[in-house]
Amino acid sequence: MEILGWLLDIYANREDGLVLWLIGEDGKRYRLHQAFSVTFYAAGPAPRLRVLWQFLRDQPQPVLLARTERRELFHSQPIPLLAARVLNAADQPSLFKAASKAFPDLTYYDADIPLALRYHAVYHTFPLAYCRVRVDAKNQIQHIEPLNSPWDIDSVYPPLRILTISPEHDPSHAPPQSLKIHYEHNEYELPLKPTRSLLIGLAALLRRYDPDLILSAWGDTWLLPYLLEHSRALNIPLPLNREAKHGIDQRPDRTYFAYGQVIYRGGQIRLFGRGHIDVCNAVLFGDYGLDGVLEMARVTGLPLQGAARLSPGTGISSMQMITALQDQILVPWHKQQAERPKTALDLIQSDRGGLVYQPLIGLHKNVAEIDFISMYPSIMVHFNISPETVGEHLPNAQPVPALNLFVDQQNYGLVPRTLEPLLNKRINLKTHLASLPRWDPRRKRYKAWASAHKWLLVTCFGYLGYKNARFGRIESHESVTAYGREALLIAKEVAEDMGFTVLHMYVDGMWIKKEGASHADDFQPVLDTIIERTGLPIALDGIYRWIAFLSSRLDKRVPVANRYFGVFQDGSLKMRGIETRRKDTPPFIAQTQRTMLERLAKVQDANQLSQALPELVHILRQCLADLRAYRIPIKQMLVSQKLSRTIEEYRTPSPAARAAAQLQAIGKITKPGQRVRFVYTRGKPGVYAWDLPTPPEPAILDIERYTTLLLRASSTVFQPFGVDEESLRDWVIANAGYAAPPGILSDGKSRAPLWTASLSV
DNA sequence: TACAGTCGGGG
DNA sequence: GTGTACGACTGTA
């Protein structure tokens, strides 16, 4: 029988070997299986390999052993190996674990590759691939071939059956009462109590609708554990899994260090035969939604549930593994070794990072921002930078600018080979996006895809320099930044040669202006020349009607890199580094700052900007009056900060640590990397945690402290006009008084607070 | 004043 | 299934 359909899930099963779920074009869901053997390799002294041979032969798992040789990334000559071909893929993890434990001295390859990646490498499939499959009478796969490619931009989506389940509010704040259920055109609420009817109702729904994907809110951290626990206790089976022969994959929460900070990931619950994605626990789900997750799975090869929860590096590492498998290059075993702290010398030597030129402080008109497109990944592809192509002494190699390193130009590197199709797809998408009309439904999808690609491309660079990366090497990382600095210096030279003033440079972007230049055409020759001189793609991000580069708050003569706000010619705002961008700014303050900037953005003539200042003061006074009169909802006053360590480890307890201590006192444990929400209160301890059982009394709120924060954020907006924080305070408070500001409630009528305009929920 | 703690960045 | 380093800034002792 031949089936056409989309590949939904792949996993190993002891009885059936590899299990593959297909969404048939006929609407049926097919559970197929296939004999799929998996090979791992060991290298080391011949006598030790002989002992390993005997050891593996005597294990219960069926395995075929052979001597062979293969290429390792950093060696041009193949290395001799013992190959262990495990006949049932389900046996591979346990067999490898036994071998590595008994023979820790040997070097292992292809030992810990996710099964789905191996399968995709062999058959050129990918998650959600549209496939033609031939099966026998027992649903055993005889032949499988993909009919599309992950690099297509016009692939047809599979008709996924999606069930959405979410409690009516955040369970960490207060116990929810009911679940909102949504699928196709059905929407209703299920009360959590009585639990028996909830479980019976859900079980019936799962059987009747049989979803491919369960999208939940807090499903990993609260809902599914809650349902599973009660399902066991009351002995009411709940068919969350589609696969009957499998348990549920339940993983604990964890805290780890990455991106220079502590990161917390909640526990996870993954299903078999269908997917579960907790939108609150999925990386960047808020940014790119389900479309982005599906795209992430397609291009990385990771199963849907993994793609939704991936950590930095996992996605790009998976793509590199598929490239290596297809090119018959050994994939090193990823031993988890604790990273030793760097010495001071390491720090000085290793990282010079991106190039930054301090901005010219103040207000500038008709400024163009030009950015290298995906600069670091473009450099890797264009200059062939890969761990194995960069070295100290290479013949026929190209020297890296300003470093004593060379790049091999004979062999195309693993990293550029992996990245090239991704970069091309991104360019292809951008070209299409530019030509699609505004109403076209594909726009949203393409934007989500591009956003997923962006994330992969950004993490890819960092991964090159990561000591524990399978395919990483610090020299290649340094070469990328060296080429980046060189490119930016060339760009600066080109712009200045053509009579432009360079106002600011930041890693991959440059802000320039010239008297009389205000249209895209005026800047095009600069762009063309930069592309010609560097070989790297660069684009005009936009032309600012005006832009303000801010100074240091501590010393107004000192500029601060990447702290600015400005308005493009189309009226849109761009701001970086200011309070509204910070996640620990209370929402009403962030909103007030944005409201003020939006008011400035309405001024057409940049020379008239200062005429808007009285209106900004009015906005500020209204907000202050609302604050004083307790008209601002407490939710808008919440500060959200991340815990960097356990509560006991704090030497001086930060506000977040004190709030976490309050939660701990009532048994709510917060772990490093988790966020804590709180309000500032008067006296000690100065904070009140939002997730305590009772909300804070308005009377204890520290209005003075919020006033200071509000004035500080406002003064950022006033800074380019020469109004500092002190003068602003005098202007707004001392002269006008804020107990009864003019025009506020003087006529006895109530007025809607400003911040409700764009802030609901 | 020193230093401990938090954040941004790319979009 | 863990990119790194740094600078700005705030709050506390």
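All chains are named by letter (A, B, ...) in the order of the sequence lines, taking the proteins before the strands, and each is independently numbered beginning at 1.
Using C1' as the reference atom, C:dG7 and B:dG9 are 12 Å apart when rounded to the nearest Å.
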Problem - Pair assignment for DNA chain C - dot-bracket with | for other-strand partners, Watson-Crick or G-U under 3.5 Å - result: .....||||||||

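Counting any heavy atom pair closer than 4.0 Å across all strands shown, A:R705 reaches sugar-phosphate atoms only and no base atom. Residue-level contact check: A:D508 touches neither bases nor backbone, having no heavy atom under 4.0 Å from any strand. Among the atoms of the strands shown, only primed sugar atoms or phosphate atoms (P, OP1, OP2) are found under 4.0 Å from some heavy atom of A:R251.
Looking at heavy atoms from C-beta onward, A:K574 lies in side-chain contact with A:Y564 at the 4.5 angstrom threshold. Between A:Y506 and A:P359 the shortest side-chain heavy-atom distance does not fall below 4.5 Å. A 4.5 Å side-chain heavy-atom check between A:M296 and A:W455 finds at least one atom pair inside the cut-off. The side-chain heavy atoms of A:L456 and A:M319, taken from C-beta on, include a pair separated by under 4.5 Å. The shortest side-chain heavy-atom distance between A:R563 and A:S552 does not fall under the 4.5 Å cut-off. A heavy-atom distance below 4.5 Å is found between the side chains of A:R426 and A:L457.
Nearest nucleotide to the A:R712 side chain, out of B:dG10, C:dT10, C:dG3: C:dT10. Out of B:dG10, B:dC7, C:dC9, the shortest distance to the side chain of A:R675 is found at B:dC7.
You'll find a donor-acceptor pair under 3.5 Å spanning the side chain of A:R581 and the base of B:dG11, going by distance alone.
Taken residue by residue, residues 572-579 of chain A places heavy atoms nearer than 4.0 Å to DNA chain B at A:R576, A:G577. Within residues 639-658 of chain A, the residues having any heavy atom closer than 4.0 Å to DNA chain B are, in order of number, A:S640, A:Q641, A:K642, A:S644, A:R645, A:Y650, A:R651, A:T652, A:S654.
Regarding A:M375, its CE atom lies at a distance of 15 Å from the C1' atom of B:dG9, rounded to whole Å. For the pair A:Y680 OH and B:dT6 P, the interatomic distance rounds to 11 Å; values are reported in whole Å. A:M505 has its CE atom 20 Å from the P atom of B:dG9, to the nearest Å. Distance CG (A:L457) to C1' (B:dG10): 11 Å, rounded to an integer number of Å. Rounded to an integer number of Å, the gap from A:Y264 OH to C:dG1 P is 14 Å. Atom C1' of nucleotide C:dA8 and atom CG of A:D584 are separated by 13 Å, given to the nearest angstrom. For A:R582 and C:dC9, the CZ to P distance is 10 Å, given to the nearest whole Å. The separation between A:N281 atom CG and C:dG1 atom P is 13 Å, rounded to whole Å.
Between A:E725 and A:K684, the residue anchored nearer the 5' end of DNA chain C, judged by the nucleotide with its closest heavy atom, is A:E725.
When the salt bridge (Lys or Arg N to Asp or Glu O under 4.0 Å) test is applied to A:R118, no partner is found at least two apart in sequence or on another chain. Shown here are the ring pair (Phe, Tyr, Trp, His ring centres under 6.0 Å) partners of A:Y483, two or more places apart in sequence or in another chain: A:F383. Taking A:Q719 as the reference, A:L550, A:S551 meet the side chain to side chain contact (heavy atoms under 4.5 Å, CB included) condition, with sequence neighbours excluded.
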Exercise for the section: Please report the C-alpha distance between A:Q268 and A:R309 in whole Å, then the side-chain angles of each, then the deciding distance to 0.1 Å, and finally whether the side-chain contact (heavy atoms from CB on, under 4.5 Å) criterion is met. Expected result: CA-CA 9 Å; A:Q268 299 184 14; A:R309 297 168 173 91; 3.1 Å; yes

Practice task
Report the C-alpha separation of A:Q641 and A:S654 in whole Å, then their side-chain angles, then the decisive distance to 0.1 Å, and conclude whether the side chain to side chain donor-acceptor pair (under 3.5 Å) test is met.
Solution key: CA-CA 10 Å; A:Q641 277 182 342; A:S654 67; 5.1 Å; no

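Between A:F272 and A:Y11, the ring-plane angle classifies as perpendicular under the 30° and 60° cut-offs.
Checked by atom type, the side-chain pair A:T431/A:N428 shows no donor-acceptor distance below 3.5 Å.
The phosphate of C:dG7 has neither OP1 nor OP2 within less than 4.0 Å of any side-chain N or O from A:R553. Taking 4.0 angstrom as the limit, A:N562 places a side-chain polar atom (N or O) nearer than this to OP1 or OP2 of B:dG10. For A:K583, no side-chain nitrogen or oxygen approaches OP1 or OP2 of B:dC7 to under 4.0 Å.
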